[in-house]
Protein chains: 2
Amino acid sequence: MSGRRAGTREGTQKHVDGRKARGERRRNEIIDATLRVVERDGIAGVTHRTVAREAGVPTASTTYHFATLDDLLIATLISCAQAMATEVYWMIDRARSREGLRRAGEGGPSAADEVSRLLAEALGPRRGRTMAEYELYLLAARRPALRPAARRWLDVLTSMMRHDDDVAFRVFLAGIDGLLIQGLIDDEPPTAEELRPVVDYLLTPR
Amino acid sequence: MSGRRAGTREGTQKHVDGRKARGERRRNEIIDATLRVVERDGIAGVTHRTVAREAGVPTASTTYHFATLDDLLIATLISCAQAMATEVYWMIDRARSREGLRRAGEGGPSAADEVSRLLAEALGPRRGRTMAEYELYLLAARRPALRPAARRWLDVLTSMMRHDDDVAFRVFLAGIDGLLIQGLIDDEPPTAEELRPVVDYLLTPR
DNA sequence: CAACTATCTGGACGATCGTCTCAGAATATC
DNA sequence: GATATTCTGAGACGATCGTCCAGATAGTTG
């Protein structure tokens with residue numbers, strides 16, 4: 001991506017980035033700001049001005065880097081899907097190594113524990129983010145160009161998780177999505193303990 | 001447009017409806033028009049003017065019956081949820097009687113057949129409607145006041161379908177939602193035959 | 001019939017929207 | 001240094017938005 005900078009956030013150095021890098025950084029800042037706006041107010045709250053205010057940049061900066069509001073939303077969905085896929089990637093990686101430890105005889109958390117904890121997190125502290133993801137998901141339903149990006153986290157899961165039974169795995173994926181979207185209209189987010197038996201059932205082969 | 005058409009479902013008589021009845025009819029026409037707009041252009045496309053144009057009424061008529069745009073969306077979601085719940089009710093009722101026939105020895109379609117056919121329908125011919133429902137679903141995630149209405153079809157299913165195992169049933173509901181929302185970002189809607197094994201797995205106990 | 005009132009509507013208001021323009025600041029290349 | 005390119009940022013434009021309101025219309029009631 002930016003290639004020049006060390007961290008995602010702005011560093012302390014000045015005048016070291018080239019024009020290209022600065023432009024790309026601002027582009028990313030705008031995308032991040034857009035995602036924050038979607039988390040807070042939904043896609044309906046996304047305007048050039050609200051995004052610019054959130055990012056702390058002038059209005060025209062958003063129109064310079066993203067010719068149209070659609071381009072901005074598209075870039076945000078793609079970035080969001082990318083981040084999600086990366087997260088899922090590392091999450092699975094961690095779970096794998098833990099499972100390795102567990103198999104070595106230690107008895108750590110089971111896969112159902114792991115998944116229900118993640119679901120509870122997505123519906124609790126990360127609720128805004130989860131809502132944003134599903135709003136962008138639904139946006140992809142109306143715009144074919146966005147569908148590959150929207151399918152990305154499903155693809156990552158599919159390619160990374162071992163699954164002997166394709167049908168069972170598809171049911172698992174659908175169940176996760178269903179539990180998440182149904183959890184979003186619960187008055188209070190379900191706890192990992194409440195989700196545990198459902199996830200367990202979902203993971204039990206038949 | 002014409003002041004007193006024969007309503008969508010009312011009789012053809014003139015001058016028999018009181019003021020109250022006329023007002024209520026127009027209210028429903030506006031709600032129906034709103035749902036059509038949501039199906040076609042999404043919630044983002046809902047404005048007083050587009051709804052009024054779709055319903056064939058003057059702009060101010062939408063603001064007269066629904067003080068604010070939020071009221072209009074809320075009324076639409078509630079109406080939509082009600083219609084959905086009613087549909088599900090009769091759908092299950094029909095399936096029940098068919099099952100009765102099948103048990104009598106005839107060998108009709110199985111529950112998995114029935115469900116996958118309905119899913120394929122929701123993702124094919126009724127795709128717009130399904131998208132609209134999930135958009136309103138997600139709207140409920142942001143507005144607590146809408147959640148009871150959004151949960152309604154889940155409640156109808158839960159109260160009508162026999163389920164010995166609560167956990168299994170919850171997995172079933174989540175799976176349906178997940179299959180639907182994932183089907184919305186498929187480039188081409190899945191056929192009932194493709195869905196069949198997944199639904200079958202979903203319905204298989206344990 | 002006239003008075004009343006719920007219902008309906010055309011038009012207007014200010015706010016906000018997406019997008020564009022353009023002068024000049026910042027930076028790379030020479 | 002000088003110059004070309006990229007980016008910033010203040011502001012303006014017309015369009016559309018949500019909402020409101022005064023007047024017209026038409027059932028209802030006395």
Side-chain angles (χ1 to χ4, degrees), chain A residues 2-5 10-11 13-34 37-38 40-76 139 143, chain B residues 1-5 7 10-11 13-34 37-38 40-76 139 143:
Chain A
S2 90
R4 204 77 172 275
R5 308 199 20 72
E10 69 274 6
Q13 302 175 341
K14 281 184 174 183
H15 294 137
V16 288
D17 296 339
R19 290 175 298 185
K20 204 97 176 185
R22 281 195 28 165
E24 210 155 320
R25 194 200 319 168
R26 175 149 285 196
R27 222 183 108 96
N28 289 331
E29 284 174 3
I30 292 175
I31 288 180
D32 290 348
T34 305
V37 171
V38 176
R40 196 194 328 120
D41 305 321
I43 290 185
V46 173
T47 72
H48 282 127
R49 289 170 174 83
T50 56
V51 168
R53 201 177 311 131
E54 175 71 32
V57 301
T59 304
S61 193
T62 62
T63 68
Y64 174 77
H65 290 282
F66 304 92
T68 165
L69 201 60
D70 259 24
D71 293 340
L72 179 53
L73 277 175
I74 288 173
T76 302
L139 187 67
R143 320 218 173 185
Chain B
M1 287 296 160
S2 65
R4 71 172 69 81
R5 307 188 310 96
E10 300 305 325
Q13 304 171 346
K14 288 181 177 182
H15 290 129
V16 290
D17 296 339
R19 290 176 298 186
K20 201 99 175 186
R22 280 191 26 168
E24 207 154 323
R25 195 195 322 167
R26 172 150 287 193
R27 224 184 106 96
N28 289 332
E29 285 174 2
I30 291 175
I31 289 180
D32 290 346
T34 305
V37 171
V38 176
R40 196 195 326 120
D41 304 321
I43 290 184
V46 174
T47 72
H48 282 125
R49 289 170 174 82
T50 56
V51 168
R53 203 176 309 132
E54 174 71 33
V57 301
T59 303
S61 191
T62 63
T63 68
Y64 173 76
H65 290 282
F66 305 92
T68 165
L69 200 61
D70 259 24
D71 294 340
L72 179 53
L73 276 175
I74 289 173
T76 302
L139 187 67
R143 321 220 173 182

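Letters A, B, ... are given to chains in the order of the sequence lines, protein chains preceding strands, and every chain is numbered from 1. Side chains included, hydrogens not; waters and symmetry mates left out as well; all remaining heavy atoms used.
- Rounded to a whole Å, the NE2 atom of A:H65 is 16 Å from the P atom of C:dT19.
- Whole-Å rounding puts the A:H48 NE2 to C:dC17 P distance at 11 Å.
- Here A:R143 pairs with A:D70 under the salt bridge (charged side-chain N to carboxylate O under 4.0 Å, His left out) rule; sequence neighbours left out.
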What string of B, S and - do you get for nucleotides 11-16 of chain D, 5' to 3', if B is base contact, S is sugar-phosphate-only contact and - is no contact with any protein heavy atom under 4.0 Å?
-B----

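- In this structure, the side chain of A:S61 does not engage the main chain of A:P58 through any donor-acceptor pair within 3.5 Å.
- Atom C1' of nucleotide D:dC7 and atom CD1 of A:I30 are separated by 11 Å, given to the nearest angstrom.
- The side chain of A:S61 places no N or O atom within less than 4.0 Å of a non-bridging phosphate oxygen (OP1 or OP2) of D:dG9.
- Taking atom CZ of B:R26 as the reference point, atom C1' of C:dT7 lies 9 Å away to the nearest angstrom.
- Considering only side-chain N and O atoms, A:Y64 lies under 4.0 angstrom from the phosphate OP1 or OP2 of D:dC7.
- Residues A:V51 and A:A33 come closest through the heavy atom pair O-CB, 3.8 Å.
- Exactly one residue among A:I30, A:T68, A:T59 makes a side chain to side chain contact (heavy atoms under 4.5 Å, CB included) with A:H48. That residue is A:T59.
- Taking the nucleotide of DNA chain D with the nearest heavy atom to each of A:P58 and B:L69, the more 5' of the two is matched to A:P58.
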Intermediate values then yes/no, side chain to side chain contact (heavy atoms under 4.5 Å, CB included), A:L139 and A:L73:
CA-CA 9 Å; A:L139 187 67; A:L73 277 175; 4.2 Å; yes

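- Not one side-chain nitrogen or oxygen of B:T68 sits closer than 4.0 Å to the OP1 or OP2 atom of D:dG18.
- Going from atom CG of A:N28 over to atom C1' of D:dC7 covers 15 Å, rounded to whole Å.
- In this structure, the CZ atom of B:R53 is 16 Å from the C1' atom of C:dG10, given to the nearest Å.
- For the pair A:D70 CG and C:dC17 P, the computed distance is 16 Å after rounding to whole Å.
- A donor-acceptor pair is defined here as one N or O able to donate and one able to accept, closer than 3.5 Å; no such pair exists between the side chain of A:T62 and the backbone of A:A52.
- Partners of B:R49 under the salt bridge (charged side-chain N to carboxylate O under 4.0 Å, His left out) rule, at least two apart in sequence or in another chain, do not exist in this structure.
- Atoms CG (A:L73) and C1' (C:dC17) sit 14 Å apart, rounded to a whole Å.
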